[in-house]
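Here is the structure we will look at, set down as structure tokens.
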Amino acid sequence: MKKVIVGLSGGVDSAVAVIMLQKQGYDVEGVFMRNWDSSLNNDVLGNPNDPFDVCPQEKDYLDAIEVAKKLNIKLHRIDFVSEYWDYVFKYFIKEYEEGRTPNPDILCNKEIKFKAFLDKANDMGCDYIAMGHYARTKTINGKVRLLKGVDQNKDQSYFLCQLSQEQINKALFPIGELTKPEVRKIASSYELNVATKKDSTGVCFIGERNFKLFLQNYIPAKPGLMKDLKGNVLGKHDGIMYYTIGQRHGLGIGGPGEAWFVIGKDIKNNILLVGQGQDNEYLYSNRCLVKDVNWLGEPFTTLSCTAKFRYRQKDIPVTLKKLDDNMIEVTYLDCARAVTPGQAAVFYDGDILIGGAVIDKVYMNDKLRMY
RNA sequence: AGGGCCAUAGCCAAGCGGUAAGGCAACGGACUUUGACUCCGUCAUUUCGAUAGUUCGAAUCUAUCUGGCCCUG
């Protein structure tokens, strides 16, 4: 009997993942990961939780215990707090300090869930690990490919774009063939306590936070001016790093005309560039350079495929040109809005995820966008 | 201090005698395992710069005052 270690979060998805694995005849054990320690990591600002109350993380653990009991599996609890800090959070902060907009959950998958966790699971003698992601694997021509989840609305393959082939080979995604409503229905039929539990959001393992305040725990404010492209002063900001390209709220710019958006960052002069209109021209680009390439498809020099520049955004047709082993030029005929440095560009061939990379530089034709 | 114009929510702004549109911002919620975008909702009633008056009824008309803008000396 093959043994599978499941990352049991205390949510409905990973609980149903256990059920699916049991149905398929696997020997299943669960591991609850604890990767963030609020008091140790000192995230006082922006933490909505009453320090004297049971924190959501512990509530999740209790839920996981109950699920494990109900489904009759062993549950372990492992701390990766220091690994998370060293391999995910440090990078996260560093990127913000440089004015970029990182995606910590992609790194969390690469470094924690499918690395630190996988190592532990191997020590426990597992054949596979499994997670409650909406994604699939499928063996095509003898190679395991990572595919989008069947539920187009919940597809989470975007967050798995930095997994290596070795990591994918070891992973199972038991709910990838299901839709969210189906998952909840199965959970109900097993009378799981988490069947109707609200989906968790916010940074994985950290949770909902007032983002600006949260960052202020680690990055001091650095006030400066907000200007439009003509140099007119529109207001003041607390620090360029608290804003991201395409952001509307939190600018506090009222007055005549359309809404104002963050359209760029002049890091050198500590100026936040703002412009009016949801479809402000400066928010659009048609070419970008991506780095930290994780390539899972066939080797190529040029290639047509689709790309997603943000989670839950529709993929758009693109052409890739390999510049070197770690850099790809991506051009898209239809302009894309708010392609943001630090975010992930994820490439697909239909439902197959063929690569992921980090957006580095963004252009409109030959003009570099000051993002 | 001669003449003209304007004062409506934090910011723009409709209203032209009949019981305060809309937009931006802000706040709340939905959506969302990043961060955004988006969507929905709330937001002047001891209220229309102040005071007095005309009228059944005034943000709307009149007078005075205050504040600001423009033109001419």
Side-chain angles (χ1 to χ4, degrees), chain A residues 7 9-14 17 33 35-36 46 48 56-57 60 84 88-89 91-93 95-96 99-110 112-113 131-135 149 151-162 173 175 180 183 197-215 219 226 234-236 240-263 265 274-280 283-284 308-314 336-346 356 358-359 371:
Chain A
S9 67
V12 64
D13 297 331
S14 55
M33 277 176 265
N35 298 340
W36 186 256
Q57 213 174 156
D60 287 339
Y84 187 86
V88 178
F89 205 69
Y91 171 86
F92 173 76
I93 293 302
E95 284 284 283
Y96 267 112
R100 296 155 64 94
T101 308
N103 189 321
D105 291 357
I106 288 176
L107 252 195
C108 176
N109 284 322
K110 179 184 181 180
I112 307 296
K113 289 180 183 169
M131 297 287 166
H133 286 94
Y134 287 84
D151 188 335
Q152 293 288 329
N153 187 49
K154 291 293 295 186
D155 171 39
Q156 292 168 331
S157 60
Y158 182 86
F159 294 106
L160 303 171
C161 67
Q162 284 290 347
F173 299 103
I175 65 163
K180 186 82 193 194
V183 165
K197 185 175 175 180
K198 195 181 182 310
D199 290 1
S200 64
T201 56
V203 177
C204 199
F205 297 114
I206 298 178
E208 291 284 2
R209 290 287 190 280
N210 175 319
F211 215 75
K212 196 165 151 187
L213 284 175
F214 176 68
L215 285 180
I219 307 174
M226 294 193 274
L234 275 302
K236 293 174 181 170
I240 290 181
M241 59 294 226
Y242 304 135
Y243 302 86
T244 190
I245 304 301
Q247 177 175 339
R248 170 176 180 171
H249 292 107
L251 300 180
I253 308 174
E258 296 181 86
W260 292 82
F261 293 81
V262 174
I263 61 168
K265 298 179 169 189
V274 295
Q276 271 176 304
Q278 164 73 16
D279 288 318
N280 188 289
L283 285 173
Y284 286 84
K308 207 190 280 292
F309 294 111
R310 304 176 110 74
Y311 177 53
R312 281 171 65 78
Q313 177 188 273
K314 196 166 165 278
R337 183 181 182 278
V339 174
T340 305
Q343 288 284 293
V346 181
V358 176
I359 297 163
Y371 284 171

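These figures come from a predicted structure and were not determined experimentally. Per chain, numbering begins at 1; letters A, B, ... match sequence-line order.
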Taken to the nearest whole Å, OH/Tyr371(A) to C1'/A36(B) is 13 Å
**Prompt:** Will you find, in the side chains of Asp13(A) and Tyr134(A), an N or O donor that is under 3.5 Å from an N or O acceptor?
**Reply:** yes
What's the gap between U66(B) and G23(B) when it is taken at their P atoms, as a whole Å value?
38 Å
Tyr284(A) atom OH is separated from A36(B) atom C1', nearest whole Å, by 14 Å
query = Which part of the nucleic acid, if any, lies within contact of Phe261(A), taking any heavy atom under 4.0 Å across all strands shown: a base, the sugar-phosphate backbone alone, or nothing?
reply = sugar-phosphate
Show your reasoning for whether side chain to side chain contact (heavy atoms under 4.5 Å, CB included) applies to Phe261(A) and Asn280(A).
-> CA-CA 8 Å; Phe261(A) 293 81; Asn280(A) 188 289; 5.8 Å; no
Worksheet item: Donor-acceptor pair, Tyr158(A) side chain versus Phe309(A) backbone, under 3.5 Å?
Response: yes
Base orientation of C37(B), chi within 90° of 0 counted as syn, else anti, reads syn
Exercise for review: Carefully, step by step, assess Leu251(A) and Met226(A) under the rule side chain to side chain contact (heavy atoms under 4.5 Å, CB included).
Suggested key: CA-CA 9 Å; Leu251(A) 300 180; Met226(A) 294 193 274; 3.9 Å; yes
Walking RNA chain B from its 5' end, the first of Gly246(A) and Asp155(A) to be reached, judged by nearest nucleotide, is Asp155(A)
For nucleotides 22-32 of chain B, 5' to 3', base contacts (B), sugar-phosphate-only contacts (S) and non-contacts (-) with protein non-hydrogen atoms under 4.0 Å give -BBSS----SB
Output yes when a side-chain donor or acceptor of Tyr371(A) lies under 3.5 Å from a complementary backbone atom of Leu283(A), and no otherwise. yes
(message) Using atom P in both nucleotides, what's the gap between A26(B) and U64(B) to the nearest angstrom?
(response) 43 Å
Query raised in the report: What's the verdict on side chain to side chain contact (heavy atoms under 4.5 Å, CB included) for Ile359(A) and Thr340(A), showing C-alpha distance, side-chain angles and the deciding distance?
Result: CA-CA 7 Å; Ile359(A) 297 163; Thr340(A) 305; 5.7 Å; no
Whole-Å distance, Tyr84(A) OH to U34(B) P, equals 11 Å
- prompt: With rounding to whole Å, what would you report as the distance between A44(B) and G22(B) at their C1' atoms?
  reply: 14 Å
Taken in chain and number order and not counting sequence neighbours, the residues that satisfy side chain to side chain contact (heavy atoms under 4.5 Å, CB included) with Lys110(A) are Leu107(A), Gln162(A)
- Main-chain N/O of Lys180(A) paired to Asp151(A) side chain as donor or acceptor, under 3.5 Å: yes
Q. Taking atom P in both A13(B) and U8(B), what distance in whole Å separates the two?
A. 9 Å
By the Watson-Crick or G-U definition, both distances under 3.5 Å, U62(B) is matched with A52(B)
Quick one: is Gln313(A) getting a side-chain N or O under 4.0 Å of the C37(B) phosphate, OP1 or OP2?
no
Re U42(B): Watson-Crick or G-U wobble partner, both distances kept under 3.5 Å, found to be A26(B)
Applying the 3.5 Å cut-off to both distances, the Watson-Crick or G-U partner of C37(B) turns out to be none
message: Measuring only the C1' atom in each nucleotide, how far is A58(B) from G17(B)? A whole number of Å is fine.
response: 6 Å
What's the gap between U34(B) and C24(B) when it is taken at their P atoms, as a whole Å value? 26 Å
Taking a pair to mean Watson-Crick or G-U wobble geometry with both distances below 3.5 Å, U8(B) pairs with G15(B)
Aromatic plane relationship, Phe211(A) with Phe92(A) - under 30° parallel, 30 to 60° tilted, over 60° perpendicular:
perpendicular
Here the distance between atom P of A36(B) and atom CZ of Phe211(A), to the nearest Å, is 6 Å
C1' spacing across the pair C39(B) / C61(B), given as an integer number of angstrom: 45 Å
Here the distance between atom C1' of A36(B) and atom NZ of Lys212(A), to the nearest Å, is 15 Å
Within residues 337-345 of chain A, the residues having a heavy atom closer than 4.0 Å to RNA chain B are Arg337(A), Gln343(A)
To the nearest angstrom, the CD-P distance between Gln162(A) and U34(B) comes to 18 Å
Anything under 30° is parallel, anything over 60° is perpendicular, the rest tilted; go ahead and classify Tyr311(A) against Phe159(A). tilted
Using the C1' atom in both, what is the distance from A21(B) to G68(B), to the nearest Å? 26 Å
Item to complete: Show the numbers, then the answer: is there a side chain to side chain contact (heavy atoms under 4.5 Å, CB included) between Arg337(A) and Gln278(A)?
Response: CA-CA 10 Å; Arg337(A) 183 181 182 278; Gln278(A) 164 73 16; 3.5 Å; yes
